[in-house]
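Report on the following structure.
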Amino acid sequence: MHWADVIAEDIAKNCEEPLIATGISPTGIIHVGSLREAITGESVRSAVKGLGKNVRLIYLIDSYDPLRKRYDFLPKEFEQYVGMPISNIPCPCGKHKNYAHHYVQPFLDAVDSLGVQCEIIWTHELYEQGLFAETIDMAMNKREQVIKILSEVTGKEENPNYAPYTPICSACGRFTQPIFETYEFPYIEYECTCGNRGKDDIREGKGKLTWRCEWPAKWKIFGTSAEPFGKDHAAAGGSYDTGVRIVKEIYDGVPPYPIPYEFVQLKGVGQMHKSLGSPVTGLDAINMTPPEVLNYLFLRVNPSRAIDYDSGMGVLDMADEYDRMERLFFEGEYTEAEEDSVRAYEIAQHNRTPEKLPNQISCRHLVNVAQMAPTFEGVLEILKRNGNISDMTPAETKRLARRVECVRYWLNGFAPDIVKFSVCNTVPPGIELSMAEKAFLQALSVRLYDCIWDAETIGATIADTAKESPVGLKGGYSTLYRILIGKKSGPRLGNFLADMDKSFVVNRVVQASN
RNA sequence: GGGCCUGUAGCUCAGCUAGGUAGAGCAUCUGACUUUUAAUCAGGUGGUCAAGGGUUCGAAUCCCUUCAGGCCCGCCA
């Protein structure tokens, strides 16, 4: 049984209306790991849904987290915002509402394109609505107990200054240390390092719970029944462990069913990144992996398994595997070993499985076509000419367009040289042709000069000429590839040459034959 | 130091909480297709299941030990 179904059964057993929570802290640039979390959550959601339960997936954006430091990618002036909640910091590019929106937007776009069906919730709005007031009050009243729990679970010494809640300074706008003795619902006083002294009303959302107390507070508020989270939180003594005790002993709530997942490693194998020694970014992965394939990538293995994202040929391998599973799914016949992978394909559709097998144009094939045609229209034209596509539904066209975009992105920065080609301006230097090959080219040049310039005729002409020559069919093709793109193989010659200017091709063949 | 995960064919992984003669895909090799491609189809090669010990009639599968790799333990998934 697929892991998502196993988890779904466990959840469905204990809850009537399960709520699955997931989230992100958009303090900086996103990475694919965050997508693994979203996809894991969505997969469990759709698996639970499949069991007939009324299930929700909420996506919490931690927009009230403080900016911890001025990251390298931020301009100098952002130094002044360190310590402030990111929803109160201006957008670095000026096009978004604030800092949080700026960094979470590409991520939300990705989540959307992946088909994740969730309700977006902004944490800073929860605070503004006073939804955390009750848990803040409980955490402040039982602060000593919280400190004890933290110490017991983490094995560290008790920290008497631990603040479950930090108010925002009314003068400088940064989170600051409260004066615990002054707490009396709903007010707490604070003295900020900027010199300002003030009084905070915990109901007004001018402060936030700190992480180890905030997470369990969310469980309590939403009644979370399951939640995926990274292995960092899952480590013994980590925030899940402390959260379990805090939600039970401080908030009188129930901890969610944990779905810990391993991290995703991005290894740059493309020469561009390899030479620089810099890794593939999460955005790269999104840009070069079709969404349906990325979904499948995370679903095919257990969450407990680390994933090495292979940005080289692995991208194509994965896409091919996806297509294969899609075929198996619609054929309905597969081995036991393939069962979970086929199910992974199905879950990757998030309950929006196509009715019939969609038109599959493999990414591997698109790699060639995309290099022949610079535009999507051009790609479509070539595919139509080859009979690869006929009637396309809008959904199929959309998927194809996305695949072409991904393939181009991949070719641009990650693809190994063997799959790339470009037409050389002259006969590539260093090419040595045998007498037979030259004779072949000579004969071919004459026939090409007279032939009608369409793919079929060109193809037939080449095949006929090559067969009559001692170089043979295979040798003939290889010779042409060598003089045109400097490689031993390449895309189908008929269409390839038909796309080029006739005199250019003929001239090249003549030149090479001398 | 503590914790988690992983180690099965060249590569990516299934199989392991139903213990019963080693699996898939890709790669590679061979053959076919009178138009080629990292295309399609058919077939083949390929593994003492990290190592050692234990339980068992029987272990990749359960238990113990060791080795190797990855990662987490600072509110970074």
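We name chains A, B, ... by the order of the sequence lines, and we start the count at 1 in each one.
When the C1' atom is used for both rC62(B) and rA18(B), the distance is 13 Å, rounded to whole Å. Rounded to a whole angstrom, the distance from the P atom of rC72(B) to that of rA22(B) is 38 Å. Taking the C1' atom of each, rA42(B) and rG54(B) are spaced 47 Å apart, rounded to whole Å. When the P atom is used for both rC63(B) and rC73(B), the distance is 28 Å, rounded to whole Å. Remark: the separation of the P atoms in rG74(B) and rU65(B) is 27 Å, to the nearest Å. On the C1' atoms, rC67(B) is 35 Å away from rC29(B), given to the nearest whole Å. Between the C1' atoms of rA60(B) and rG15(B), the separation comes to 8 Å (whole Å). If you take atom C1' in rA39(B) and the same atom in rU35(B), they sit 11 Å apart, rounded to whole Å.
Leu294(A) CG to Ile39(A) CD1: the interatomic distance, rounded to the nearest 0.5 Å, is 5.0 Å.
In this structure, Thr457(A) and Pro66(A) both approach RNA chain B, and ranking their closest nucleotides by distance from the 5' end singles out Thr457(A). Closest-nucleotide positions on RNA chain B for Ala463(A) and Met318(A) were compared, and the one nearer the 5' end corresponds to Met318(A).
Atom CZ in Phe298(A) sits roughly 13 Å away from atom P in rC13(B) (whole-Å rounding). Rounding to whole angstrom units, CG of residue Asp10(A) and C1' of rU17(B) are separated by 13 Å. Rounded to an integer number of Å, the gap from His365(A) NE2 to rU37(B) P is 13 Å. Atom CD in Gln360(A) sits about 14 Å away from atom C1' in rA39(B), given to the nearest Å. Rounded to a whole Å, the OH atom of Tyr345(A) is 23 Å from the P atom of rC13(B). Atom pair Asp323(A):CG and rA24(B):P shows a separation of 21 Å (rounding to whole Å applied). Trp211(A) places its CH2 atom 14 Å from the P atom of rG74(B), with the value rounded to the nearest Å. Atom pair Asn302(A):CG and rG15(B):P shows a separation of 8 Å (rounding to whole Å applied).
Judged purely by distance below 3.5 Å, without hydrogens or angles, the side chains of Glu326(A) and Tyr296(A) never pair a donor atom with an acceptor atom. Residues Trp122(A) and Ser87(A) have side chains that never bring a donor and an acceptor to within less than 3.5 angstrom of each other. In this structure, a donor-acceptor pair under 3.5 Å is present between the side chains of Asp65(A) and Ser25(A).
Counting non-hydrogen atoms under 4.0 angstrom, Val367(A) reaches nothing in the nucleic acid. As judged by a 4.0 angstrom heavy-atom cut-off over every strand, Asp232(A) is placed among residues touching the sugar-phosphate backbone only. Contact annotation for Arg68(A): base contact, defined as any heavy-atom pair under 4.0 Å involving a base atom. Contact annotation for Gly459(A): base contact, defined as any heavy-atom pair under 4.0 Å involving a base atom. Backbone-only engagement by Lys156(A) is indicated by non-hydrogen atom pairs under 4.0 Å involving sugar-phosphate atoms exclusively. At a threshold of 4.0 angstrom between heavy atoms, the contacts of Glu262(A) include nucleobase atoms, whether or not backbone atoms are also involved. Counting non-hydrogen atoms under 4.0 angstrom, Ala466(A) reaches nothing in the nucleic acid.
Set against rA39(B), rC72(B), rA14(B), the side chain of Arg364(A) has rA39(B) as its closest nucleotide. With rC4(B), rG15(B), rA77(B) as the choices, the nucleotide that has an atom nearest any side-chain atom of Lys231(A) turns out to be rC4(B). The side chain of Tyr477(A) has rU35(B) as its nearest neighbour among rU35(B), rU12(B), rC75(B).
Using a cutoff of 4.0 Å between basic side-chain nitrogens and carboxylate oxygens, Arg300(A) and Asp340(A) are not scored as salt-bridged. The pair Glu321(A)-Arg324(A) does not meet the salt-bridge criterion, since no charged nitrogen lies less than 4.0 angstrom from a carboxylate oxygen. For Asp62(A) and Lys218(A), the salt-bridge test passes: some basic side-chain N is under 4.0 Å from an acidic carboxylate O. Between Glu9(A) and Lys13(A) there is no salt bridge, since no side-chain nitrogen of the basic residue lies less than 4.0 Å from a carboxylate oxygen of the acidic one. Contact check on Arg245(A) versus Glu152(A) returns a salt bridge, with a Lys/Arg side-chain nitrogen under 4.0 Å from an Asp/Glu carboxylate oxygen.
Proximity of His233(A) to the phosphate of rC73(B): no side-chain N or O atom is located under 4.0 Å from OP1 or OP2. For rG7(B), one of the phosphate oxygens OP1 or OP2 lies less than 4.0 angstrom from a side-chain nitrogen or oxygen of Arg305(A).
Side chains of Asn412(A) and Tyr409(A) form no contact here, defined as non-hydrogen atoms less than 4.5 Å apart.
Interface remark: the Asp317(A) side chain does not form any donor-acceptor pair with the rU12(B) base, using a distance-only criterion of under 3.5 Å.
Scanning RNA chain B for stems, defined as runs of 3 or more consecutive Watson-Crick or G-U wobble pairs whose donor-acceptor distances all fall under 3.5 Å, gives the following ranges: B:1-7 with B:67-73, B:10-13 with B:23-26, B:28-32 with B:40-44, B:50-54 with B:62-66.
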